[in-house]
*Asks:* 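Before I ask anything, here is the structure I am working with.
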Amino acid sequence: MKLEDYIANVPNYPIEGIQFKDITTLLVNGEAFKESIDKLAEFGRKVGANVVMGPDARGFIFGCPVAYALGVGFVPVRKPGKLPRKTISESYTLEYATNTLEINIDAFKKGDKVLIIDDLMATGGTVEASIKLAEKLGAKVVGVATLIELEELKGKEKIGNIPFLSLIKYDI
Ligand code: AMP
């Protein structure tokens, strides 16, 4: 099955010059969605993850079923102000703005082996901030997997030698 066939490319969205990869056309297809989750979960099994972490909001869509398939828990990485208890946060810079992500301060136990799942790796800023959050709590990120990778943006360079899997690769 060619998963790429189920992604819709939307030029100049949300701003001029961006080739937006719309995953909703994959989500609506049961076979393509299942195949994506099965492959991401297989990777999670291989790296020995005992917990999955996924960034707001599309990381939830892929991360939760992967956690379920592995029979492990899921840690949501949220935008500021969404988690009602004590949190830790990490900020990173985008081209024109700063983004902040948060997790619960009790999200991980020391020594947890974390698999980060997101829909797409672009510059790698989101994943890098997620890694820092997990490490602050003494967890170890044992793998990062995304449905899509925009290879030209070299996000992979931000994660060092942590094992990485992407199911669909684009030049742009
Ligand atoms: P980054 O932090 O630069 O790796 O960006 C990753 C996040 O931004 C992912 O969670 C995506 O949901 C979103 N994103 C970035 N670029 C695109 C794109 N071209 N199409 C769709 N989503 C994108």
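Quick caveat, the model's predicted, so the values are computed rather than measured. Both ligands and their constituent atoms are indexed starting at 1 by order of listing. For the single chain, residues carry numbers from 1 onward in sequence order.
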*Asks:* At a 4.0 Å cut-off, with the gap strictly under it, does some heavy atom of Pro55 reach an atom of ligand 1?
*Replies:* no
*Asks:* If you count heavy atoms of other groups shown closer than 6.0 angstrom to NZ of Lys46, is the number above 12?
*Replies:* no
*Asks:* May I ask you to decide if Thr123's main-chain N or O and Lys158's side chain share a donor-acceptor pair within less than 3.5 Å?
*Replies:* yes
*Asks:* Can you confirm whether Tyr68 sits close enough to Phe74 that some side-chain heavy atom of one is under 4.5 Å from a side-chain heavy atom of the other?
*Replies:* no
*Asks:* Would you say that Leu137 contacts Ile103 through its side chain, given a criterion of any heavy-atom pair below 4.5 Å between the two side chains?
*Replies:* yes
*Asks:* Could you tell me which non-hydrogen atom of Asp118 sits nearest to which non-hydrogen atom of Thr126, and how far apart they are?
*Replies:* OD2-CG2, 4.0 Å
*Asks:* Do we see a donor-acceptor contact under 3.5 Å between the side chains of Lys86 and Asn104?
*Replies:* no
*Asks:* With atoms numbered from 1 as shown, which atoms in ligand 1 lie under 4.0 angstrom from a non-hydrogen atom of Arg58?
*Replies:* 12 (O), 21 (C), 22 (N)
*Asks:* Look at atom 8 (O) of ligand 1 and say whether a protein heavy atom is found at less than 4.0 angstrom from it.
*Replies:* no
*Asks:* Between Arg78 and Thr87, is any pair of side-chain heavy atoms under 4.5 Å apart?
*Replies:* no
*Asks:* Checking a contact table here: which protein heavy atom is nearest atom 19 (N) of ligand 1, and how many Å away?
*Replies:* Gln19 O, 3.0 Å
*Asks:* Which residue holds the protein heavy atom closest to atom 12 (O) of ligand 1, what is that atom called, and what is the gap in Å?
*Replies:* Asp119 OD1, 2.9 Å
*Asks:* Which of the atoms of ligand 1 are close to Asp118, meaning less than 4.0 Å from one of its heavy atoms?
*Replies:* 9 (C), 10 (O)
*Asks:* Considering the heavy atoms of Thr126, write down every atom of ligand 1 situated less than 4.0 Å from one of them.
*Replies:* 1 (P), 2 (O), 5 (O), 6 (C), 7 (C)
*Asks:* Counting heavy atoms only, which of Leu120, Leu94, Thr123 comes nearest to atom 18 (C) of ligand 1?
*Replies:* Leu120
*Asks:* Which of the atoms in ligand 1, numbered in the order shown and given with their element, are less than 4.0 Å from a heavy-atom of Leu150?
*Replies:* 19 (N)
*Asks:* Is there a polar contact, in the sense of an N or O pair closer than 3.5 Å, between Val127 and ligand 1?
*Replies:* no
*Asks:* Looking only at protein heavy atoms, which one is nearest to atom 20 (N) of ligand 1, and what is the separation?
*Replies:* Lys21 N, 2.9 Å
*Asks:* Phe20 to ligand 1: N or O pair under 3.5 Å?
*Replies:* no
*Asks:* Any idea which protein heavy atom is nearest atom 5 (O) of ligand 1, and the distance to it?
*Replies:* Ala122 CB, 3.6 Å
*Asks:* So Leu147 and Leu120, do their side chains get closer than 4.5 Å, heavy atoms only?
*Replies:* no
*Asks:* Would you check if Val77 and Met53 make a side-chain contact, meaning some heavy-atom pair closer than 4.5 Å?
*Replies:* yes
